[in-house]
Amino acid sequence: MAVLNKRKWFYLLAPGVFDLPPCSCGNPETQWSEYEHHLWCDKCNKDFVPAHNGVFDGPIPVMACALLGISFDRFNIEKNCVERFVVETGNYQ
Amino acid sequence: MDVSQLSNEILSALRERGLSDQQVAILTPREVFDEYCSWHGLINWGDRLWGIVNELKAVEPMPAVSSTPVKQDFSEDDLGFLQTADTKVLSAVARGELNLNMKAVDTLVDRGMDVNGNWVGFDAAKSNRAYSSAELASLQGFDFGKPNLIFQSAPCAGHSIPLQKSVQEVPRVVIWIEGGMVQGAVAGSPVDIAVIDYDIEGADDDDLMDIDQGNGKTAQAVCHIENAEINSARADQLFFAVEEVKDELSVSMRP
């Protein structure tokens with residue numbers, strides 16, 4: 001049985017922005033699941049593993065993403081704060 | 001690292017990253033690769049790609065057997081051990097399935113020697129073992145020297161193993177600091193460590209030294225020479241621990 005680890009952070013933008021696929025029911029308005037590597041479909045009320053990981057499946061052109069308005073800023077659940085992604089360094093502040 | 005040996009392609013990427021040539025000079029090839037990847041948008045992929053390249057190089061098939069005669073500097077007596085070798089082993093070498101180069105390196109290391117057959121001591125030789133065969137095969141710039149019969153039967157053109165160079169150029173030194181003071185150091189091979197502490201608050205005037213800053217100016221500092229304990233196993237252990245922390249820091253972007 002797969003181990004479900006509680007998510008410690010999530011991106012501020014919705015999964016669809018990062019090209020993560022919709023739920024099998026067709027709902028594209030998915031949210032980050034409370035579990036790592038999972039998404040949440042509020043129509044099916046279920047956590048599911050997306051068919052692929054969108055932009056995260058390969059090298060991420062972060063600068064091009066920044067130009068397109070795709071932000072990798074994230075919310076750290078443990079620290080209860082927003083962590084800003086610094087494009088130039090590839091690190092979080 | 002000799003910056004002058006880097007291509008403009010690499011150097012310009014590193015300079016665009018805001019690194020000076022002096023800063024580049026103290027980077028390892030792996031760090032240079034990571035910076036190069038980062039500049040091209042491959043954030044946090046440098047280590048992974050470097051590892052994959054090394055892994056692929058390690059499993060790279062041996063080149064086909066060359067029919068070009070190679071000058072033989074060894075007598076029949078020198079190569080007599082081949083006569084007693086198992087046919088299974090010889091045929092594996094002939095097919096390029098057994099890398100005798102690495103076996104020879106391992107044997108020399110066991111004897112406390114470098115790849116030129118020079119005695120370097122068991123400690124230094126053991127520190128060579130810290131480098132996996134994949135890392136050895138991935139690093140460039142070492143010349144195995146004259147080809148011999150072993151290399152002729154399993155030629156390694158372009159497949160260099162810089163055992164001696166890697167050890168000489170990339171010694172592993174771990175220094176621990178507490179309360180702003182260097183408490184100790186451990187190294188995989190003998191090194192001299194000069195500690196220059198520019199935090200001179202509270203220091204006796206007699207202990208202060210003027211240190212040339214390389215720009216015509218000097219700065220006062222408290223200095224001493226630190227003796228590193230030679231313990232390659234401990235140095236490797238601490239390095240791996242630091243590498244693990246580094247990996248944790250470069251967290252995966254995957255949600």
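Note that these values count all heavy atoms, side chains included, but never hydrogens, waters or copies made by symmetry. Every chain is numbered from 1, with letters handed out A, B, ... down the list of sequences.
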Exercise. Anything under 30° is parallel, anything over 60° is perpendicular, the rest tilted; go ahead and classify F56(A) against Y11(A).
Key: parallel
Self-check item: Residue V87(A) versus chain B: region with a heavy atom under 4.5 Å
Solution: backbone
Quiz prompt | Part of F72(A) lying under 4.5 Å from any heavy atom of chain B | solution = side chain
Exercise. Return yes if some donor-acceptor pair links the side-chain N/O of W32(A) with the main-chain N/O of L13(A) below 3.5 Å, else return no.
Key: yes
Quiz prompt | Atom CG of N227(B): over 12 foreign heavy atoms under 6.0 Å | solution = no
Quiz item: Taking atom types as modelled, is there a side-chain donor on Y36(B) or E9(B) under 3.5 Å from an acceptor on the other?
Solution: yes
Quiz prompt | Engaged part of F18(A) at the chain B interface, taking heavy atoms whose separation is under 4.5 Å | solution = neither
